[in-house]
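Scroll down for the structure; my scribbles are underneath it.
In this text, all values refer to a predicted model and were calculated from it rather than measured experimentally. Letters go in sequence order (proteins before strands), and every chain restarts at 1.
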Protein chains: 2
Amino acid sequence: MPTARPTHSFKTPCEHCPLRANRVFREFTADELDFVSKFKRGELAADAGATIIVEGAHSAHLFTVLSGWGFRYKTLEDGRRQILNYVMPGDLIGLQGTIMGEMQHSVEALSPVSLCVFERDKLMTLYNKHSSLAFDITWIAAQEERILDEHLLSIGRRTALERAAYLIAFLFERGRQLKLFNGHASIPITQQHVADTLGLSIVHTNKTLKKLANRNLIRWQERACEVLDGEGLKAAAGWEGLGERGRPFI
Amino acid sequence: MPTARPTHSFKTPCEHCPLRANRVFREFTADELDFVSKFKRGELAADAGATIIVEGAHSAHLFTVLSGWGFRYKTLEDGRRQILNYVMPGDLIGLQGTIMGEMQHSVEALSPVSLCVFERDKLMTLYNKHSSLAFDITWIAAQEERILDEHLLSIGRRTALERAAYLIAFLFERGRQLKLFNGHASIPITQQHVADTLGLSIVHTNKTLKKLANRNLIRWQERACEVLDGEGLKAAAGWEGLGERGRPFI
DNA sequence: CGGCTCATTGAGCTCTATCAAAATGAGTGG
DNA sequence: CCACTCATTTTGATAGAGCTCAATGAGCCG
C-alpha cells in the first residue's frame with residue numbers, strides 16, 4: 001500500500017523553490033517571499049498511487065504541489081468514480097478543507113509527488129497581512145472554477161472522441177507549460193483514469209483512444225499516454241487551449 | 001429582445017439589504033457594512049431571458065444577485081450549450097472577468113433578476129483593507145468549486161434518472177434555503193434548460209422527467225417544475241444534500 | 001510459475017439521440 | 001372572443017452510441 005510520508009530533507013527554502021524558475025508563475029516580492037517561508041511548515045512525499053487527501057477529512061492541511069502528477073475525485077456510494085481534475089506542480093490542494101471545514105473530494109498521486117505543507121492556522125494571517133497573496137489564492141480558486149467549467153462543457157456536450165481529445169490536449173498543454181516533459185511528452189495515466197474522467201466505460205474508452213492512436217495523435221505505452229500531435233488533438237476536440245500566463249502560486 | 005438596464009430606484013441601502021434577513025447568510029460587522037455600502041455603485045434589473053454577461057466580455061462588472069433566478073453557461077462553436085450552474089440571490093457573478101480579465105462563460109436570467117453592481121476597481125481596496133471580506137470572496141469561490149465538483153460527478157457518473165433527480169433536488173434545496181418559495185415550490189426552468197444542464201437531448205429529458213412525475217416526485221407546469229417530494233428526489237438521486245450555513249455574501 | 005494489473009477485442013444488449021409529428025398553452029392582433 | 005403564431009411539452013419509431021459480459025494477451029512481481 002503506497003503511503004504519504006514526511007521527507008527527511010525537511011525544507012527546500014522558498015528562495016530556491018524550483019517552481020520560481022518557471023515563467024508561467026508570477027514573481028514574488030521579497031516581503032511575500034519572506035512570509036511564505038514562515039508559512040511553510042515542511043514537505044511531504046507521496047508514492048504513486050498514494051492517497052494524499054480523503055473525502056470527509058476534517059482538518060486537512062493546505063498543500064502546494066512541488067513535483068509530480070495527481071488527481072482529485074469523488075465517488076458515489078456504489079463505487080462509481082468521477083475524476084474532477086488533475087493536480088500538477090504549483091497547484092494548491094486542500095483549500096476546501098481549510099476554508100469550509102471538510103474536504104468534499106479525495107486526492108491521489110499518479111506519480112511520486114512531493115508537496116509543500118502550509119500552516120493551516122496562519123491562513124488568516126495571510127489574509128490580514130498579505131492581501132496580494134490573498135488575491136492570488138482567489139485567483140487560483142477562480143482558475144480552478146474555469147477549468148471545471150470547461151470539463152463540464154466537455155463531458156456534457158462533446159462526443160466521446162472529442163472528449164478524449166480534449167482531455168489529453170488539456171493535460172498535454174498543462175504539462176508543457178510546466179516544462180514537465182523532456183523530449184517525448186508522456187502523461188502518467190491509465191485508460192481507467194481517462195474513463196473515470198470522461199464519464200465513459202473502460203471498454204469504450206479503449207476503443208475511442210484507439211481511434212486517436214490510428215490518427216497518429218497519441219500512442220499508448222506502458223501505463224502512460226504519449227502525445228504525438230498536440231495541435232491535432234486540439235483540432236479534434238474543437239478546443240482553443242487555456243493560454244494563461246502570470247499564474248500565481250504560494 | 002429582453003434587456004438588462006439600470007433601475008430607477010437607484011439604491012437599496014445595504015443596511016436594509018433584503019438578503020441580510022435570511023439566516024443562511026452570515027452577519028456583517030458595522031465596519032464591513034460601511035465599506036460594502038461604498039463599494040456598491042448601483043443596481044441593475046434584467047428581464048427574464050435577458051443576457052446579463054456574455055462570454056468574452058472584457059471589463060464586466062462584479063454583481064451580487066439580489067433577487068431572481070439565472071444560469072451560467074458555455075457553448076461550443078456549433079451551438080451545443082452546456083449549463084454550468086444556476087445563480088440565485090446572494091451569488092456573486094463576474095468574478096472571473098474581474099480577476100482574470102475576461103469572462104469565460106455567459107449568464108442569462110430565468111426570471112426577472114435584480115442585481116447589485118460593484119465598483120470593479122475597488123476590489124483591490126477590499127483585499128487591502130477588509131481581509132474578512134476578501135476571505136468571504138474566497139469562500140464563495142471555493143463553494144462554487146464544490147458545487148461544480150458535484151455537478152461533474154452527476155453528469156459523469158449518474159444515470160439519466162439520477163441526474164434529473166439530483167438537479168431538481170439541488171435547485172429545490174437552494175431555493176428553500178433562500179426562502180424563494182411561497183407555498184408550492186416552483187422552479188422557473190424549461191425542459192430545455194434541464195437537458196442542457198444534464199447533457200441529454202430534449203426528448204430524452206422529457207421522457208426522464210415523465211418518470212419522475214409518474215413517481216409523484218415532481219409536476220411540470222407552465223414552464224416551471226413544481227417539486228412535490230424533495231426527499232424523494234434526493235433518495236432517487238442518491239444525493240446527500242448540501243447542508244450549508246453561515247454562507248457569506250457581499 | 002502463478003497471480004496481478006492493464007490493454008485489447010468481439011458480441012449482444014440498453015440507453016440515448018435523432019427524426020417526425022401532434023398536442024398544449026401563452027401571447028398577439030383583429 | 002377568435003384566429004394565428006410561437007415556444008414548449010409530449011409521443012412514437014428507428015438508428016446509433018456506449019455499456020456489459022466474456023475472453024485473451026502482455027508485462028510485472030513475488
Practice problem: State which of D:dT11, D:dC21, D:dT8 makes the closest approach to the side chain of B:V203. | Solution: D:dT11
Quiz item: CD1 of B:I155 versus P of C:dT16: gap in Å, rounded?
Solution: 13 Å
Quiz item: How is B:L200 classified with respect to the nucleic acid when contacts are heavy atoms under 4.0 Å: base, sugar-phosphate, or nothing?
Solution: sugar-phosphate
Practice problem: Please state how far atom CD1 in B:I202 lies from atom C1' in D:dT11, giving the value in whole angstrom units. | Solution: 13 Å
Quiz item: Within this structure, what is the CG-to-P distance between B:L209 and D:dT11, rounded to whole angstrom?
Solution: 12 Å
Quiz item: Do the side-chain N and O atoms of B:D196 and B:Q82 include a donor-acceptor pair separated by under 3.5 angstrom?
Solution: no
Quiz item: If you find the nucleotide of DNA chain C closest to B:E222 and the one closest to B:R158, which residue's nucleotide is nearer the 5' end?
Solution: B:R158
Practice problem: Take the protein atom CG of A:N206 and the nucleotide atom P of C:dC6, then report the distance between them rounded to whole Å. | Solution: 14 Å
Self-check item: Earlier contact from the 5' end, DNA chain D, for B:K207 and B:I189
Solution: B:I189
Self-check item: A:H204 NE2 to C:dT14 P, straight-line distance once rounded to whole Å
Solution: 18 Å
Quiz item: Roughly how many Å is it from CG in A:L161 to P in D:dG16, rounded to a whole number?
Solution: 17 Å
Quiz item: Between B:K234 and B:D229, is the closest basic N to carboxylate O distance under 4.0 Å?
Solution: no
Quiz item: Within 45° of the ring axis of A:Y86 and under 6.0 Å from its six-membered ring centre, is that where the NZ or CZ of A:R72 lies?
Solution: no
Exercise. Describe the nucleic acid contact of B:K210 in one word from base, sugar-phosphate, nothing, applying a heavy-atom distance below 4.0 Å.
Key: sugar-phosphate
Quiz item: How close or far is atom P of C:dG25 from atom CH2 of B:W220, stated in whole angstroms?
Solution: 16 Å
Quiz item: For DNA chain C, whose closest nucleotide is more 5', that of A:R157 or that of A:Q191?
Solution: A:Q191
Quiz item: In whole Å, what is the span from the CD atom of B:Q221 to the P atom of C:dT24?
Solution: 16 Å
Practice problem: Pick base, sugar-phosphate or nothing for B:S201, based on heavy-atom distances below 4.0 Å to the nucleic acid. | Solution: base
Quiz item: Taking the six-membered ring for Trp, are B:F63 and B:H61 parallel (under 30°), tilted (30 to 60°) or perpendicular (over 60°)?
Solution: perpendicular
Practice problem: Tell me, yes or no, whether the heavy-atom count around A:E77 atom CD, taken from other residues, nucleotides or ligands under 6.0 Å, exceeds 12. | Solution: no
